[in-house]
Amino acid sequence: MTPVFSWIYFLLCLILVPPLVLSIIGKTKARLQNRRGPVLLQVFYDWSKLWRKDQTLSSTLSGVFRSTAVINTVIYLSVALFVPWLAQKPPIDGDDLFLLLYSLALARFLCLLASMDAGSAFGAFAASREATLSLLVEPAFMLTLVALAVCSGSTSLSSIFAFSINPGAGPEVWFLGGIAIFLCGLVELSRMPIDDPTTHLELTMVHEAMIVEASGRNLLLLEYSYAMKMTVFLGLSAQCFLHAYFQFLPVGAIWLCLLSVAGIFGLAVLVALIEALSVKLRWRKAPEFIAYALTMSFLACLVSIAKGATFR
Amino acid sequence: MSLSIVEIFAVAAALCAVLMAGSLHVKRNIFFYMVQTVLLAVVTAEIARTDGELNLYLIAVAIAILKGGCVPIFLRWMVKRLQSYSDPGMMLAPPLAMHASLLLFALSYLELGSLGALPGSALAASAAASLLLTGLILMLTRKTALSQIIGFLVIENGIYLFAVTQTSGMPLLVEMGVMLDVLVAVMVAGLIVFRIQQSFEHIDVTQLAELRD
């Protein structure tokens with residue numbers, strides 16, 4: 001595949017996939033609840049409405065709140081640039097897995113500051129919840145990526161997700177890694193079993209309550225960076241499953257491009273299914289759910305270490 | 001390292017047991033037990049295919065029907081009857097119990113990974129040991145008698161997996177006898193739990209330290 005084509009493919013996906021993921025989740029949930037639901041382009045309409053709207057700003061605001069949305073958007077755009085969430089993504093130097101982890105942590109830190117900056121108690125509540133969740137889920141995400149890195153012998157993300165049949169990483173490591181990243185994504189994006197994103201009770205929400213003070217273009221940027229984060233997480237998980245599939249049936253470059261986009265949309269439908277069928281966990285039960293993600297990542301580590309031991 | 005089909009399904013069954021340790025929901029545990037037993041039936045059928053033994057096919061079908069069908073249905077009926085949908089748990093919190101059983105899984109891999117009497121059964125031995133140890137953890141960390149029965153069944157699955165993968169076929173009569181024993185044991189244990197419920201009005205085994213008439 002030529003570099004020009006892969007850049008065009010990547011930029012098209014970068015623009016179109018994040019809003020479409022949100023639309024697909026909304027549409028699937030509506031269908032499951034016997035509603036017709038919004039049209040697939042609804043997210044674009046919403047965002048253009050937010051673009052035209054004025055901001056309402058709290059009187060206690062400092063510069064942190066105003067700059068957070070912009071900095072977060074930049075962080076998530078750069079994450080989307082260097083993380084291989086699509087097959088055949090153009091390679092970019094310096095794509096270390098720890099850079100991904102700490103970019104996410106930096107963005108989260110700024111988001112926490114901004115939610116407390118607005119001076120509303122709901123934001124501070126949500127910030128404390130988000131801090132607790134991230135504390136629990138970060139080891140799981142890190143261990144999963146490290147397990148995959150052990151298999152490929154490099155911490156560079158593009159060489160981990162390189163679609164080569166290396167003997168180190170069998171389908172089982174990829175499969176476990178895919179499940180672990182998907183579960184981590186549900187927690188990181190505060191989706192259903194942890195937090196209900198469609199409720200309007202700020203007392204119990206995590207992500208929605210953090211951005212409750214944002215409006216207008218600020219809100220647009222926060223929503224956009226949220227969609228980008230979701231795409232990156234679902235994309236990484238889909239890539240893991242695709243690698244597991246690739247170990248059985250190697251396919252061509254064009255098919256990989258199509259399958260990776262289809263994988264992201266498929267996982268978005270799965271998120272919607274989980275949201276329609278399950279109930280929100282009590283806050284005290286959340287660590288038990290996250291423990292499953294941690295178990296999957298531990299297992300991936302164990303398998304990769306065992307395989308490494310047999311190969312050396 | 002390429003895994004044989006027997007090993008893949010045996011390890012998947014062991015993972016089901018690990019996931020059981022992470023949940024206190026009795027019905028979810030019963031579901032995982034059912035999946036695990038069906039996986040063991042697949043292991044048996046695969047061994048029957050490679051060894052060309054017709055006996056083992058019968059045993060696989062019997063396991064899938066009796067242990068994978070009848071026992072879970074009976075247990076679910078008991079859950080409904082006793083109204084004990086969730087176990088309070090003791091000693092270890094479920095996430096910690098799950099991680100402890102994962103540790104035991106790794107330990108049994110290290111200890112038994114090289115022990116395999118038949119070719120392609122090395123991992124199956126460690127999966128069987130891990131099933132046994134996870135069953136022990138389940139019995140140690142559960143408070144109600146019903147959950148302890150499930151833990152016992154997991155231990156029994158481990159013993160069966162070890163026997164079927166490390167020997168080249170057992171006599172059909174012995175297998176059938178063992179399976180009937182398990183079925184009867186579950187029934188009797190169920191009856192005893194009903195009696196305990198009737199005379200003590202709970203099935204919490206930690207409260208059963210003193211005699212009563």
Side-chain angles (χ1 to χ4, degrees), chain A residues 132-133 135-137 139-140 143-144 147 150-151 165-180 183 187 193-194 244 247-248 277-279 281-312, chain B residues 1-5 7-25 27-29 31-32 39 85-89 92-114 116 120 122-127 130 134 137 141:
Chain A
T132 315
L133 283 182
L135 185 75
L136 291 168
V137 81
L143 277 176
T144 312
V150 166
C151 289
I165 306 185
N166 64 350
E172 58 275 8
V173 184
W174 285 115
F175 189 68
L176 289 171
I179 296 177
L183 292 179
V187 180
I194 297 295
Q247 307 277 330
F248 291 113
L277 297 178
S278 74
V279 288
L281 286 175
R282 267 187 301 162
W283 180 248
R284 279 175 48 209
K285 293 275 178 190
E288 291 182 22
F289 177 76
I290 300 173
Y292 279 99
L294 199 55
T295 303
M296 290 298 157
S297 59
F298 275 146
L299 267 175
C301 278
L302 285 180
V303 176
S304 60
I305 290 170
K307 294 199 137 187
T310 40
F311 270 105
R312 271 173 214 129
Chain B
M1 185 168 77
S2 64
L3 297 174
S4 64
I5 296 177
E7 284 177 326
I8 290 174
F9 281 96
V11 169
L15 287 189
C16 279
V18 171
L19 293 182
M20 277 168 86
S23 171
L24 290 174
H25 256 268
K27 278 195 173 173
R28 197 174 300 158
N29 279 346
F31 172 74
F32 276 129
L39 288 173
Y85 292 100
S86 151
D87 191 292
L92 272 180
L96 291 181
M98 183 155 61
H99 295 153
S101 45
L102 207 57
L103 196 69
L104 291 175
F105 184 75
L107 268 183
S108 51
Y109 172 75
L110 285 180
E111 290 300 317
L112 296 176
S114 53
L123 256 182
S126 48
S130 139
T134 311
I137 284 208
T141 59

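Everything numeric in this text was worked out from a predicted model, so none of it was measured. Below, read A as the first sequence line, B as the second, and so on, with proteins coming before strands; counting in each chain starts at 1.
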Fill in: B:F31, CZ atom: more than 12 neighbouring heavy atoms under 6.0 Å
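No, not enclosed.
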Next on the checklist: Can you confirm whether more than 12 heavy atoms, excluding those of B:F9, are under 6.0 Å from its CZ atom?
Outcome noted: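 Check fails, neighbour count at 12 or below.
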How far does OH of B:Y109 sit from CD1 of A:I305, to the nearest 0.5 angstrom?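 Answer rounded to 0.5 Å: 11.0 Å.
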*asked:* I need the minimum non-hydrogen distance between A:A291 and B:P95, along with the two atoms involved.
replied: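 Answer, listing the atom of A:A291 first, then B:P95: CB-CB, 3.5 Å.
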Tell me the closest heavy-atom pair linking A:L299 and B:L15, and the distance in Å.
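Closest pair (atom of A:L299, atom of B:L15, distance): CD1-CD2, 3.4 Å.
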inquiry  = Need one label for B:V11: side chain, backbone, both or neither, based on atoms under 4.5 Å from any heavy atom in chain A.
reply    =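 No part of it gets close to chain A.
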Next on the checklist: Closer than 3.5 angstrom, by distance alone: can the side chain of A:Y292 be matched with the main-chain N or O of B:L19 as a donor-acceptor pair?
Outcome noted: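 Confirmed, A:Y292 side chain pairs with B:L19 backbone.
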